[in-house]
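Note sheet for the following structure.
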Number of protein chains: 2
Amino acid sequence: MRALIVEDDARIADLVASALSAAGFRTETVGDGDTAWFQGGTEDYDLVILDLGLPRLDGLTLLKRWRGEGRAFPILILSARGTWSERVEGIEAGADDYLPKPFMVEELTARARALVRRAAGQVQTVHRVGALAIDTNRMTVTRDGLPVALTPLEFRLLSYLLLNRDRTVAPSELLDHIYGTEDGREANAIEAVITRLRRKLGAGAIETRRGFGYRLGTDP
Amino acid sequence: MRALIVEDDARIADLVASALSAAGFRTETVGDGDTAWFQGGTEDYDLVILDLGLPRLDGLTLLKRWRGEGRAFPILILSARGTWSERVEGIEAGADDYLPKPFMVEELTARARALVRRAAGQVQTVHRVGALAIDTNRMTVTRDGLPVALTPLEFRLLSYLLLNRDRTVAPSELLDHIYGTEDGREANAIEAVITRLRRKLGAGAIETRRGFGYRLGTDP
DNA sequence: CCCGAATTGTCAGCGAACTGTCAGCTTCGT
DNA sequence: ACGAAGCTGACAGTTCGCTGACAATTCGGG
């Protein structure tokens, strides 16, 4: 889960970032509208937290432009001015939810989760790769139709490979994405997880490209 | 099955309309209280979805007027402001159910179906899961035919798992849905309720997927 | 208004599952 | 054939979830 935080007040940005991190998101923060426009236009996020009072490019304008471009990520608006008409305006412009400041962090994380769930519920979440069927919504995996029990870490790793199944993913990249920005594990940790995954999914499920990294196996 | 959707936000109205259509309803949408009052007064519906924040005629007033006229269709209230007192007020005014925004469309359709069934006098609200029979209308549970006494909290938790029985529900999601947006409990509170439920329903009734969450046991 | 019972949140200890590390082995590319 | 990269089994530290006990809160009745 990747979240973009668009907020010029550094204190609030930090608050939001730590709250979302605790809720399982990986967060990136930008402080002005121009940068946000660029980031949101080129990267894919699962959630965007958008402050309306921004320097250089107004939040509402930014929102409309993104939607005009067909960007579909869920957007949650933060605003100091909590009037009803402004809320309606935000929703009409394509926001998915609206939270007036000041807010409780619990409420923020609760709504963030709800948004992501809602967005996820509307897309097809079953992906087939060889003999595997991976349901990212129910968080289940079957192999030749039989359910396979994965641990959370294994599932996260598999999901990331699935998300990038068209290319080879370097171990260092896996380290970055599977774990938060926490303290560093030895690179070998990834290999251990790969081994455990292969034991459960079959040897051909994940292929190694020596010197580069891993990718989902195209065939058994 | 004919449903009237009273909602001024076009995006939400569309969402609700498509969800109900998929659930087998014929839908009509109106965007303000006056028109709704006319439609609901002259036509017969099997279900009305009512937004409280309406232009021209407030939702609650509309509801009371309809009931005062003897209109008996089931009414499901949608509201952004999810306070408990408001919910009580809506129910007292004659609403049959209440759903706070943001909501999941699955939950909406599930409740809509339940309302219609209830109104039709078909007591088809008994769900069977393994040895359990759960009556969401009379709020009773039997295990192998013998009644089981659940506390309100236990029943709410069980109901939510029942509503989402096809997937694994994260503890944090349970926290969000079982309790209002009230002050935060420790996550451990959920575990305590689960333990008490298992003692009453049998160990296999609720299964744990470590690291992911809970789901209703498919079999003993 | 007070008392007792039922309900429900919190805490601490325990056991099991998860996962990082290490050491030795295998495999691959040159 | 050799070295580096990757694999894997074993092991141990840590986390996660379960549960019994207790406390706080709610609710109903007298």
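We name chains A, B, ... by the order of the sequence lines, and we start the count at 1 in each one. What's counted below: heavy atoms across the whole structure, side chains too, no hydrogens, waters or symmetry copies.
Counting heavy atoms of neighbouring residues, nucleotides and ligands inside a 6.0 Å radius, atom CZ of A:Arg128 does not exceed 12 of them.
Atom CG of B:Leu197 is separated from atom P of C:dT8 by 10 Å (rounded to the nearest Å). A straight line from CG of B:Asn188 to P of D:dA23 spans 17 Å, rounded to a whole angstrom. When rounded to the nearest whole Å, the span between CD of A:Glu154 and P of C:dT19 equals 7 Å. The CD1 atom of A:Ile194 sits 17 Å away from the C1' atom of C:dT26 (whole-angstrom rounding). Whole-Å rounding puts the B:Lys200 NZ to D:dC18 P distance at 17 Å. Distance B:Ile190 CD1 to C:dT10 P: 11 Å, rounded to the nearest Å. With rounding to whole Å, A:Arg198 atom CZ is found 17 Å from C:dT26 atom P. One atom, CD1 of A:Ile206, and another, P of D:dC7, lie 10 Å apart when rounded to the nearest Å.
Residue B:Thr195 places at least one side-chain N or O under 4.0 Å from the OP1 or OP2 atom of D:dT19. Taking side-chain N and O atoms only, B:Tyr214 has a distance below 4.0 Å to OP1 or OP2 of D:dC18. An OP1 or OP2 oxygen of D:dC18 is reached within less than 4.0 angstrom by a side-chain nitrogen or oxygen of B:Thr208. For the pair B:Thr151 and C:dT8, the criterion of a side-chain N or O lying under 4.0 Å from OP1 or OP2 is met.
Distance alone, capped at 3.5 Å, is enough to place a donor-acceptor pair between the A:Asp9 side chain and the A:Arg11 backbone.
Counting atom types as modelled, B:Arg196 pairs a side-chain N or O with a base atom of C:dG9 as donor and acceptor under 3.5 Å. Remark: the A:Arg210 side chain and the C:dT27 base include a donor-acceptor N/O pair separated by less than 3.5 Å.
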List the steps and the verdict of salt bridge (Lys or Arg N to Asp or Glu O under 4.0 Å) for A:Glu154 and A:Arg199. CA-CA 11 Å; A:Glu154 288 164 357; A:Arg199 197 174 302 148; over 6 Å; no
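With C:dT21, C:dT10, C:dT19 as the choices, the nucleotide that has an atom nearest any side-chain atom of B:Ala189 turns out to be C:dT10. Listed nucleotides: D:dG6, D:dG17, C:dT8. Nearest to the side chain of B:Glu191: D:dG17.
Toward the 5' end of DNA chain D, the nearer of the two residues A:Gly213 and A:Arg199, judged by each one's closest nucleotide, is A:Gly213.
In this model, no donor atom of one side chain and acceptor atom of the other lie less than 3.5 Å apart for A:Thr140 and B:Arg215.
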Using a 3.5 Å cut-off and no angle test, enumerate the donor-acceptor pairs between side-chain atoms of residues 189-197 of chain B and protein atoms at least two apart in sequence or in another chain.
residue  : atom : partner  : partner atom : Å
B:Glu191 : OE1  : B:Asn188 : ND2          : 3.0
B:Thr195 : OG1  : B:Glu191 : O            : 3.1

